[in-house]
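Just so we're on the same page: letters track the sequence lines, and every chain starts at 1.
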Amino acid sequence: MDAYDAKAIERKWQAVWEAEQAFHVENHSPGDAPDEHFYMLEMLPYPSGSLHMGHVLNYTLGDVVTHFRRRHGFTVLRPMGFDSFGLPAENAAIKDGGHPLEITERNMEAIRHQMRIMGWAIDWQREVSAHEPTYYHWTQWLFLKFFEHGLAYRKEAPVNWCPNDQTVLANEHVVDGRCWRCGAVVEARNMAQWFFKITAYADALLEDLATIDWPERTKKIQTSWIGRSEGAEILFRVEELDIDIPVFTTRPDTLFGATFFVIAPESPLVQKLSDDEEVLSYARVAAARPTEEREQRKKTGVFTGRYTTNPVNGAQIPIWVSDYVLMEYGTGALMAVPAHDERDGEFAEEFDLPVVSVIGDDGRLINSGEFDGQPFEEARRAIVDWLSAQGKGKPAIHYRLRDWSFSRQRYWGCPIPIVYCDEHGAVPVPESDLPVLLPEVDDYRPKGQPPLASNAEFINAPCPICGKPGRREADTMDTFVDSSWYFLRYTDPKNDHAPFDREIADYWMPIDQYIGGIDHAKGHLLYSRFFVKAMNDLGMVGFREPFQRLFHQGWVRLEGKRMSKSQGGVSPNELIDRFGADAIRIYILFQGPADQDIDWSPDGIEATVRFIRRLWRVVHEAALRPESPPGVDTPLARKAHETIARVSDDIDRRFVFNTPIAAVMELVNELSKAPGDPAARFAAETAVSLLQPYTPHVAEELWGVLGHTSRLWTLEWPTHDESMLQHDTIELVLQVNGKVRDRIQVPAGLPEDELIARARASERVQAHLDGEERRVIVVRDKLVNIVV
RNA sequence: GCGGAUGUGGCGGAAUUGGUAGACGCGCACGGUUCAGGUCCGUGUGCCCGUAAGGGCGUGGAGGUUCAAGUCCUCUCAUCCGCACCA
């Protein structure tokens, strides 16, 4: 027996898999495509630096599922690619020099290498990268389709502006109101921005959550992010100015209690309602105040001097301006009901405004004219009906979700295929002119305008309609656009006349198992759902959800901090070099349930290497034993069958990956204690076969040691014999008053009387039977509990 | 403030349907083998009392349901996460 040499074994089998393209799957013509197919996908990596232990967990998990499904006869699509546009490469180029493309491709090569030496079963023939023109060609094409159908549009909107870096920042790059890079206080600035109309899909995104198998907490995050609330829009008339101000409320039943009215400081209504300098200056100061300060509990505000009419009772109520009203939500104005809304109540107290209670302790309306006495739920409808009849209101639904702003004033992203013409406005680049290639620029640093704007050759382009000089859009797309459809491109990655073929996409999609971090719950996972729904409506795909089943792996933490590219962490390469990929794979999954966070400690790795070496030795010993006869029935054989059952159920139904390792360890322990057992060969083969998805290299090698020439990775998963799980004798637990007093071996299947008799016969039980027997509970083949 | 998750030995965790708490592994202790060993093998290891037999206690805390609770119910504490003046 040679010593276990992880490196040699891993290189050997990785070479075989590559030479045989073992994990490549073909697209069949629709008629003869295999029925049993499975689309396994993990979120694609962002190529900044190299992979960290969090990735190792993510992709090893996916790898186990891939092998497990393959060996159950499924044709498994398991592709890989790179989210290769984005700020980090650009920032690295600014900071250290070099080109974002070079930096990105260097990192990609490092990651491909890591993926290869981890031995992951990936179909590399389907690799896609966001920054390749052959990919972003179709990102641009999809943008044009969305634009054509009104799902992509341009409008003025507030953005996070860093006055120091002279650029817009994404929300996640604003930390405590400051720029993450230079620390300058971020300002709100209005700029023309491109948006996707994700709000048009708010209801669909909510409703279809019921059709997908996702963790409840993720559904909850999306639900609260979309933030649907039902209520009414009510018009408040300002007679002097002859205007109606709409407000949104979820509590129209409290309308009679509206004793004042408040508008947001940013609201254009402020100027209309008042020219008083005190009011205007309050509004200016309040609007400019950072959000944090606005959230401080003490209410501020100023009376405009104007009144509006409560539509339901004609009361003249004062109009105030206060920064507790948000311009972004509802209509930027609200009816204040101090008796039944905590915030309105605080405001009323601060400024000594009247409070009228309109709901009694019994939940029925009071002080509400003709609606008095109605339960408030009924009144809610009745009042809205009454308002509708009067033309003063209507039922309304509001969402917290806003349209997705995807313009980025940065270089390293997908160009937006638009030309601005003085005459024709924003004109889409014709499909035949795609892709609009990302050009070279002299300097990636944004200086008040996006880097692309400085490239005259790029920026000056004729209007596609009239041919007169126009200017290209200089913004690039948010990288979340790239990742909103990459999983579709994988199904048909080489297509050069369309993003993908619908029939092929419909065949593979939706993804059967998606694995990635929960941090993408309201970003990538929501955007991708929106894309698929929109594409379905445009007739491009035949399904409405991209990810049928979703799993979130936990974080790998180092000293309490999440390992990530920015935080650094433990280098997988070094670990592979020292312990081998198989040991790392088994180690990372053995730490605990995969959806729980792992605190990194190097201690356990030695142990997993020790286990592999033990397996190596025990299997070699077993290989010297004669072939196990079919149907061999020994305790070791039974243990093997039990292990097959446990491992299969854990991976398949329970989706847990740590306990199967423990189960196989038990089997290997049993085997090492009974090397001469006639079932030794069988037990060894079972252990190796069950471990194959976890440790594919050493499993393959040991499969050969056991005399097989077949490819274990292609073989059917073992099945257990149900009859081998039945035990002839069982351990019967004997309790007195619920406390365990004895355990005895009895034949399985004894009748209750017999079990009771045997329980009473136990000396240890008798020692505690000093009172009158009141009751005896029997769980057959398990326990007897005597109550005295 | 609202919503959610988690809490089990010295440590990571197991216990799937209310039925033996602590599987498997780390660590530790003792013994053996080798001896250059940070190798390998074996035994033990929840806590307390006891030489032992045995007994008591024990799943963040307090109550409850039940013959029986880590598991179900009520309250509570701690940690983490999400949302947060959303009308």
Nearest-Å distance once atom P is located in both B:C2 and B:C48: 42 Å

Interatomic distance at C1', B:A87 relative to B:A78, whole Å: 34 Å

Heavy-atom closest contact (A:His727 atom, A:Ala748 atom, distance): O-CB, 3.2 Å

Mutual orientation of the aromatic rings belonging to A:Trp616 and A:His620 [parallel < 30°, tilted 30-60°, perpendicular > 60°]: tilted

Interatomic distance, A:Lys220 NZ vs B:G4 C1' [rounded to whole Å]: 7 Å

Whole-Å C1' distance, B:U6 and B:U71: 15 Å

Touch class at under 4.0 angstrom, heavy-atom based, for A:Glu731 against every strand present: base

Pairwise C1' distance for B:C28 and B:G9, with rounding to whole Å: 13 Å

Any protein N or O atoms within reach of nucleotides 48-57 of chain B? Criterion: under 3.5 Å, listing atom names and distances.
| residue | atom | partner | partner atom | Å |
| --- | --- | --- | --- | --- |
| B:G55 | OP1 | A:His768 | NE2 | 3.3 |
| B:G56 | OP2 | A:Arg741 | NH1 | 3.2 |
| B:C57 | OP2 | A:Lys739 | NZ | 3.1 |

Watson-Crick/G-U partner (both atom distances under 3.5 Å) of B:G1: B:C83

Residue that, paired with A:Phe347, satisfies ring-ring contact (aromatic ring centres under 6.0 Å, His included) out of A:Phe303, A:Phe261, A:Tyr324: A:Tyr324

Min side-chain heavy-atom separation A:Phe68-A:Pro660 under 4.5 Å: no

Criterion salt bridge (charged side-chain N to carboxylate O under 4.0 Å, His left out) against A:Lys299, the qualifying member of A:Glu350, A:Glu346, A:Glu349: A:Glu346

Approximate separation, where rounding is to 0.5 Å, of A:Arg646 CZ and A:Leu667 CG: 10.0 Å

Sugar-phosphate only, base, or nothing, as touched by A:Arg653 at under 4.0 Å among non-hydrogen atoms: base

B:U45 - base-pair partner by Watson-Crick or wobble geometry, distances under 3.5 Å: B:G27

